[in-house]
Amino acid sequence: MTATTDPSSATAEAADAVVGADAADGAVRSARALHAPVVDWFAAHARDLPWRRPEAGAWGVMASEFMLQQTPVNRVLPVYEEWLERWPRPADLAAEAPGEAVRAWGRLGYPRRALRLHAAARAIAERHGGEVPSEHAQLLALPGVGEYTAAAVVSFAYGQRHAVLDTNVRRVFARAVSGQQFPPNATTAAERRLARALLPDDDATASRWAAATMELGALVCTARGPQCGRCPIAEQCAWQLAGAPAHEGPARRGQSYAGTDRQVRGRLLAVLRASKDPVPQSDLDQVWHEPVQRARALDGLVSDGLVEPLEGGRYRLPLT
DNA sequence: AAAACGTGGGG
DNA sequence: TCCCCAAGTTT
């Protein structure tokens with residue numbers, strides 16, 4: 001275990017962040033008091049996910065993070081296994097046609113992620129000697145890698161001390177520290193500051209803390225129906241202490257789907273994925289009744305590089 | 001900075 | 001049933 005009790009600059013910074021986040025709460029809790037319970041809870045309750053096993057490597061971690069962007073763990077699992085078996089290293093994927101990545105992506109959703117993971121693999125093969133970079137800035141420069149994914153890779157794959165702020169962690173901090181039921185709609189500077197302030201001092205503990213807070217949010221401190229009875233820090237949770245007040249601020253605007261271009265794109269791509277050979281326009285025309293929207297959706301897929309138009313009005317997943 | 005971007009499961 | 005949500009990124 002680590003020194004969870006000695007004071008440090010990080011503690012003072014955390015205190016400031018906490019006060020800043022909730023000035024009404026006069027009792028400044030020690031950030032350090034959260035580390036041990038959460039990390040110990042993680043040691044006892046963490047799921048055995050394939051990308052957490054040592055053999056996953058940085059490439060496995062990175063691939064899993066792409067797949068997990070907005071897609072639940074259970075749906076990712078089978079695709080991840082096939083993907084890593086087929087393309088065990090970045091160079092293996094880089095050697096493939098991008099369309100094969102899109103096909104293997106299956107129904108995970110947001111297929112541009114498949115294209116970006118493929119492009120990232122090519123960048124890694126060309127610019128990084130086939131090794132997933134271990135610097136946050138270099139990762140951030142890769143297609144499809146944003147602030148969260150870069151942080152996840154350096155933390156989970158390389159064991160670095162880096163704040164990892166995903167939707168789960170944001171919710172845990174919002175409740176446990178800020179006393180709010182939900183975090184703001186968009187990640188704020190205050191949240192980043194708080195996440196940095198709460199980070200344990202040493203790399204190993206910081207890395208575990210990142211994974212642990214994420215897992216706590218995913219399994220216990222969930223968006224709906226949180227299981228506070230099973231939470232290791234329920235006694236210190238600012239939201240609980242405040243009587244679990246309902247969320248104030250603006251509600252998150254839901255995403256509509258039925259009837260949108262996204263739905264049409266999804267149907268078009270499903271047809272293309274299913275066929276190894278080029279598909280005639282007439283087959284694509286079956287998926288949507290409205291010709292204007294249908295054409296717009298197809299154009300969008302082409303301009304996104306997800307679909308390749310051929311001579312004679314035929315289409316296929318991209319070869320190059 | 002708001003909006004686009006897929007898909008399916010659970011409350 | 002319907003709505004909400006899921007390890008975000010890009011433009």
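Below, chains carry the letters A, B, ... as their sequence lines are ordered, and counting in each starts from 1.
With hydrogens and angles left out, the side-chain atoms of A:Thr205 and A:Asp202 include a donor and acceptor closer than 3.5 Å.
Under 4.0 Å is where a charged nitrogen must lie from a carboxylate oxygen, and between A:Arg32 and A:Asp201 at least one such pair does. In summary, A:Glu96 and A:Arg103 do not engage in a salt bridge, as defined by a charged side-chain N under 4.0 Å from a carboxylate O. At a threshold of 4.0 Å, the pair A:Asp277-A:Arg314 does not count as salt-bridged, since none of the basic side-chain nitrogens sits closer than that to a carboxylate oxygen.
Regarding contacts with the backbone of B:dT7, every side-chain N or O of A:Arg262 stays at 4.0 angstrom or more from both OP1 and OP2.
Rounded to an integer number of Å, the gap from A:Leu268 CG to B:dC5 C1' is 14 Å. Distance A:Tyr257 OH to B:dC5 C1': 10 Å, rounded to the nearest Å. Computed from coordinates, the A:Leu108 CG to B:dG9 C1' distance equals 14 Å when rounded to whole Å. Put simply, CZ on A:Arg107 is 14 Å from C1' on B:dG9, counting in whole angstrom units. If you take CE of A:Met67 and C1' of B:dT7, they are 15 Å apart, rounded to a whole angstrom.
Ring pair A:Phe182/A:His247 is perpendicular by interplanar angle, where above 60° counts as perpendicular and below 30° as parallel.
How far CG of A:Leu165 is from CG of A:Leu194: 8.5 Å, rounded to the nearest 0.5 Å.
Nucleic acid contact for A:Leu269: none, since no nucleic acid atom lies under 4.0 Å from a heavy atom of the residue. Residue contacts shown for A:Phe66 are absent, as no nucleic acid heavy atom lies under 4.0 Å away.
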inquiry  = Please encode protein proximity along nucleotides 1-11 of chain C as a string of B, S and -, counting only heavy-atom distances under 4.0 Å.
reply    = ---BSBBBSS-
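Straight-line distance between the P atoms of C:dA7 and B:dA3: roughly 23 Å, to the nearest whole Å.
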